[in-house]
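A short write-up of the structure that comes next.
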Amino acid sequence: MVQDKSANTPSATPSANDSSDSGIEGIRAARLAKVAELKQAGMIPYAYSWDVTHPIADLQAKFADLEAGAEEDFEVSIAGRIMARRVFGKLAFFTLQDETGTIQLYLEKKTIQAQMGEANEQAFNHLKQLTDAGDIIGAIGTIKRTDKGELSVKVKQYAMLTKSLLPLPDKFHGLTDVAKRYRQRYVDLIVNPEVRETFRKRARITAAIRRHLDELGYLEVETPVLQSEPGGAEARPFVTYHNTLDMELYLRIATELHLKRMVVGGFEKVFELGRVFRNEGVSTRHNPEFTTIEMYQAYGDYQDMMALTEKMIEQIAEEVTGSSTVSYQQELVSFAAPWKRITMHEAVQEKTGIDFSQFTDLSAAQKAAKAAGIDNVDDCESVGHVLNEAFEQKVEETLRQPTFVIDYPIEISPLSKPHRSKPGLVERFELFIVGRETANGFSELTDPVDQRERLEIQAAKKASGDLEAVGLDEDFITALEYGMPPTVGMGIGIDRLVMVLTDSASIRDAIAFPLLKPEKSDSASSAS
RNA sequence: GGGUCGCUAGCUCAGUGGUAGAGCAUUCGGCUUUUAACCGACUGGUCCUGGGUUCGAAUCCCAGGCGACCCA
């Protein structure tokens with residue numbers, strides 16, 4: 001191994017094999033013994049750096065046409081994790097993996113001794129005895145395609161860079177236990193290439209959004225996560241506490257109200273891409289912390305924003321997956337614009353036969369809905385709420401291709417501007433993809449008096465115990481009183497978009513570290 | 001919140017009342033063209049936790065934990 005010349009002592013050190021235990025503790029002990037042996041032999045088991053000349057994928061591409069058995073006198077230096085070892089008496093093959101891919105190391109005793117022998121005659125033996133699958137090593141050598149056709153680096157010199165103490169999962173079956181995959185995502189990432197690809201795609205999606213909006217002249221801003229009055233959505237917040245101010249604070253449930261303050265302040269195109277927190281249950285479609293982008297454009301309306309949305313997402317789908325048609329869980333989804341637009345009333349009428357726009361009376365709407373097999377209508381406080389129940393129960397799931405549902409009832413849209421020509425409705429759209437709400441946008445309510453009235457209704461609900469109702473944010477109203485230009489806003493659930501574009505069945509597959517309950521409670525297990 | 005299923009070696013999994021198993025990994029020996037390398041030998045267990053039934057429990061019963069799926 002590459003080493004400093006000082007300590008070239010024969011390995012009179014503790015052998016790695018005096019543990020009779022091959023369970024996890026035994027493996028750790030054996031590897032710690034190897035760490036000691038490496039040090040004893042003058043090597044550094046946890047190195048400081050390594051000069052890499054080529055990512056592995058570059059080598060695979062550059063020498064793709066090299067014939068079996070051929071060698072190139074082209075010296076490279078690479079680094080990565082040993083994923084598999086195939087060791088013979090005087091020859092060994094390692095599979096080395098870096099971020100870009102894998103390549104085989106061709107490790108010949110003859111060659112390594114010739115190059116490293118003077119420094120360490122034990123170089124090849126150390127390779128066999130002191131390296132394990134999971135270790136991170138650096139290697140310098142030339143390119144060779146073996147007789148069996150595997151592109152390899154014929155190693156002249158190598159060095160341990162990081163000694164791994166824990167065994168990798170089964171090299172063939174990998175790690176499949178989903179709980180373990182989420183709890184130890186680092187192991188999942190090491191052994192499951194498709195998981196790495198998902199998070200690469202996620203990064204490309206957010207980068208593409210930023211690039212797209214930057215080109216359109218949008219400004220990325222950051223607004224508070226800690227708020228004294230969470231608003232902008234109907235959801236229960238997380239509560240936290242500030243010590244020196246001696247006050248409760250809430251983690252934001254949306255970025256909406258602060259972004260609108262930015263618009264009031266004169267920024268005409270703003271967005272924020274960031275984390276919001278909702279104190280809700282966990283499912284394949286919900287994680288308590290998730291990522292949204294909200295964007296606001298002055299002087300535009302919801303038609304403008306729908307046009308922007310379909311164009312942007314179509315472009316992202318093409319960039320990230322290579323096509324505007326993607327396969328999601330065996331279902332083809334086409335992002336080619338323009339997307340279908342249908343009013344909420346039309347959509348519900350299509351599926352239930354009921355025209356809710358004819359109802360002015362709540363009980364008549366409830367009766368009709370019940371007759372159509374719609375549940376939970378008794379608690380509805382308005383025709384609009386009944387319509388929404390009907391939509392959620394009978395329509396939502398059926399919207400597989402990207403679809404804009406437009407013109408929502410005003411009762412369920414406290415921040416939207418009234419529709420310019422349809423009384424009782426607002427200029428709002430929601431985007432559905434594979435049956436899931438993925439985006440939500442509307443012409444923003446700019447009338448401060450109307451806004452105050454609508455938020456007061458919410459505040460009253462909150463006061464009477466509705467935990468999801470939002471409070472009245474006086475400062476937001478004050479901002480509107482200074483005057484907000486006509487504005488359209490929209491939010492996209494980034495995690496759900498990532499799910500569709502990465503073919504992930506669960507939101508947990510699109511979030512690197514999803515929330516999980518601790519595996520074991522440290523507190524006493526005795527019941528009370 | 002309800003229902004169904006799962007939890008056994010580091011990993012992937014067998015094992016339905018009678019001494020806890022296999023493959024891979026680990027350890028040891030052999031091997032210069034392997035790639036799920038191979039051959040030989042060995043090692044490795046809180047059978048998720050706690051109760052109960054039983055002469056005897058991974059297995060049956062009860063409660064709990066964590067997870068998956070479905071429903072609300």
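Residue numbers begin at 1 in each chain, while the letters A, B, ... track the order of the sequences. Hydrogens, waters and symmetry mates play no part in the numbers below; they use all other heavy atoms, side chains included.
If you take atom C1' in B/rU32 and the same atom in B/rC13, they sit 35 Å apart, rounded to whole Å. Separation of the P atoms belonging to B/rA58 and B/rU8 is 15 Å when rounded to the nearest angstrom. Spacing of C1' atoms, B/rG56 relative to B/rG64, comes out at 26 Å, to the nearest Å. Between B/rA57 and B/rA20, the distance separating the two C1' atoms is 12 Å to the nearest Å. Between B/rA14 and B/rG6, the distance separating the two P atoms is 10 Å to the nearest Å.
B/rA72 atom P lies 11 Å from atom CZ of A/Arg285, rounded to whole Å. Following rounding to the nearest Å, A/Phe172 (CZ) and B/rG23 (P) show an atom-to-atom distance of 16 Å. With rounding to whole Å, A/Ile190 atom CD1 is found 14 Å from B/rC11 atom P. Per the geometry, OH belonging to A/Tyr106 stands 15 Å off P belonging to B/rU35, to the nearest Å. Distance CG (A/Asp375) to P (B/rG1): 21 Å, rounded to an integer number of Å. Between the P atom of B/rC38 and the CZ atom of A/Arg85 lies a distance of 15 Å, rounded to the nearest Å. A straight line from NZ of A/Lys128 to P of B/rG29 spans 9 Å, rounded to a whole angstrom. The NZ atom of A/Lys163 sits 10 Å away from the P atom of B/rU26 (whole-angstrom rounding).
Counting only distance, with no hydrogens or angles, the side chain of A/Arg236 and the backbone of A/Asn279 share no donor-acceptor pair below 3.5 Å.
Minimum interatomic distance between A/Ser413 and A/Tyr408 (heavy atoms only, all atoms of both residues): OG-CB, 3.7 Å.
A ring-centre distance under 6.0 Å is not found for A/Phe63 and A/His54. Centroid-to-centroid, the aromatic rings of A/Phe391 and A/Phe356 stay 6.0 Å apart or farther.
For A/Phe88, whose side chain is taken as the heavy atoms from C-beta onward, the closest listed nucleotide among B/rU33, B/rA68, B/rU26 is B/rU33. Comparing B/rG67, B/rU12, B/rU26 by their closest approach to the side chain of A/Leu175 singles out B/rU12. With distances taken from any side-chain atom of A/His173 to the nucleotides B/rU35, B/rU12, B/rU32, the minimum falls on B/rU12. Here the side chain of A/Thr176 is nearest to one of B/rG10, B/rU12, B/rA68, namely B/rU12. The listed nucleotides are B/rU33, B/rA68, B/rU26; the one nearest the side chain of A/Ile27 is B/rU26.
For the OP1/OP2 pair of B/rU32 and a distance below 4.0 Å, the side-chain nitrogens and oxygens of A/Arg86 include no atom meeting the criterion.
For a distance-only test at 3.5 Å, the side chain of A/Asp170 qualifies as a donor-acceptor partner of the base of B/rG23.
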Inset, instruction - Evaluate the ring-ring contact (aromatic ring centres under 6.0 Å, His included) criterion for residues A/Phe238 and A/Tyr250: first the C-alpha distance (whole Å), next the side-chain angles of each, then the deciding distance (0.1 Å), finally the verdict. - result: CA-CA 6 Å; A/Phe238 284 91; A/Tyr250 304 90; over 10 Å; no
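Contact annotation for A/Arg145: no contact, since no heavy-atom pair falls under 4.0 Å across all strands.
Taking the nucleotide of RNA chain B with the nearest heavy atom to each of A/Pro167 and A/Thr95, the more 5' of the two is matched to A/Pro167. Two residues, A/Glu150 and A/Gly89, neighbour RNA chain B, and the one matched to the more 5' nucleotide by heavy-atom proximity is A/Gly89.
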